[in-house]
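Data first, discussion second: the structure below is written as structure tokens.
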Amino acid sequence: ALLYQTPGSTQPEQLESTGPMMGMISWPMFDTLETVVQPGARLYVYSDGVHEIHKSDGGEWRFDEFVEFLSQAQQQDVPPGELLLKHVRELSGKQILDDDYSIVEARF
């Protein structure tokens, strides 16, 4: 997950995650972590298919490129999720992506 603590921030805090992906295998306990969230913060929780994009030129979209794009998308008038989906479709050259694609934005 990426947490942008202040409106307009382009430097997210990458929240730690431990353990296996939920739903992959039976796992009785998950560790939990806490962080303080400021008013106006935005939290993005996403599946790996959101940033693991196979580009039409045969390359791979890097994670740091995903974070940079999402950071810049927050500066636009269009919802970041819409811009992101349009962008990854352009990168991949496909309307139907190769992997699962789920992203949730929570505003505080």
>> For a side-chain contact (heavy atoms from CB on, under 4.5 Å) check, start with the C-alpha distance between Y44 and V104, then their side-chain angles and the critical distance, and finish with the verdict.
In response: CA-CA 6 Å; Y44 294 91; V104 175; over 6 Å; no
>> Set out, in order, the CA-CA distance, both residues' side-chain angles and the distance that settles side-chain contact (heavy atoms from CB on, under 4.5 Å) for I103 and S47, then state yes or no.
In response: CA-CA 7 Å; I103 186 165; S47 64; over 6 Å; no
>> Walk me through whether E105 and R107 qualify under salt bridge (Lys or Arg N to Asp or Glu O under 4.0 Å).
In response: CA-CA 7 Å; E105 175 189 45; R107 295 182 184 196; 3.4 Å; yes
>> Before you tell me yes or no, could you show the steps for L2 and V67 under side-chain contact (heavy atoms from CB on, under 4.5 Å), namely the whole-Å CA-CA distance, both residues' side-chain angles and the distance that decides it to 0.1 Å?
In response: CA-CA 8 Å; L2 296 173; V67 173; 4.0 Å; yes
> Can you check side-chain contact (heavy atoms from CB on, under 4.5 Å) on Q38 and T6, steps first, answer last?
Replying inline: CA-CA 7 Å; Q38 302 298 322; T6 57; 5.6 Å; no
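Within a 6.0 Å sphere centred on CG of L33, other residues, nucleotides and ligands contribute more than 12 heavy atoms. A 6.0 Å sphere centred on NZ of K86 holds no more than 12 heavy atoms belonging to other residues, nucleotides or ligands. Atom CD of E90 has more than 12 neighbouring heavy atoms from other residues, nucleotides or ligands inside a 6.0 Å radius.
A parallel orientation is assigned to the rings of F69 and H87, their planes being inclined by less than 30° (bins at 30° and 60°).
Using a 4.5 Å heavy-atom cutoff, the side chains of E60 and E52 are not in contact. Contact of the E68 side chain with the D64 side chain is not registered, since no non-hydrogen atoms from C-beta on lie closer than 4.5 Å. Taking the side chain as every heavy atom from C-beta outward, T35 and L3 approach each other to under 4.5 Å. Using a 4.5 Å cut-off on side-chain heavy atoms (C-beta onward), L97 and L85 make contact. L91 is not listed as a side-chain neighbour of S56, based on a closest heavy-atom distance of 4.5 Å or more.
Between F66 and Y46, the distance separating the two ring centers is shorter than 6.0 angstrom.
Note that the OH atom of Y101 and the CD1 atom of I96 stand 13.0 Å from one another [nearest 0.5 Å]. In this structure, CD on Q72 lies 13.0 Å from CG on L84, to the nearest 0.5 angstrom. The OG atom of S92 sits 10.5 Å away from the CH2 atom of W61 when rounded to the nearest 0.5 Å. Residue K94 holds its NZ atom at 10.0 Å from CD1 of I53, rounded to the nearest 0.5 Å. Atom-to-atom distance recorded for R42:CZ and L70:CG is 9.5 Å, nearest 0.5 angstrom.
In the hydrophobic clustering of this structure, F63 does not group with L43; members are Ile, Leu, Val, Met, Phe, Trp, Tyr whose side-chain heavy atoms approach within less than 4.5 Å, directly or through other members.
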Hey, can you pull the donor-acceptor pairs under 3.5 Å for the side chains in residues 7-16, sequence neighbours left out?
| residue | atom | partner | partner atom | Å |
| --- | --- | --- | --- | --- |
| S9 | OG | Q11 | N | 3.2 |
| S9 | OG | Q11 | O | 3.4 |

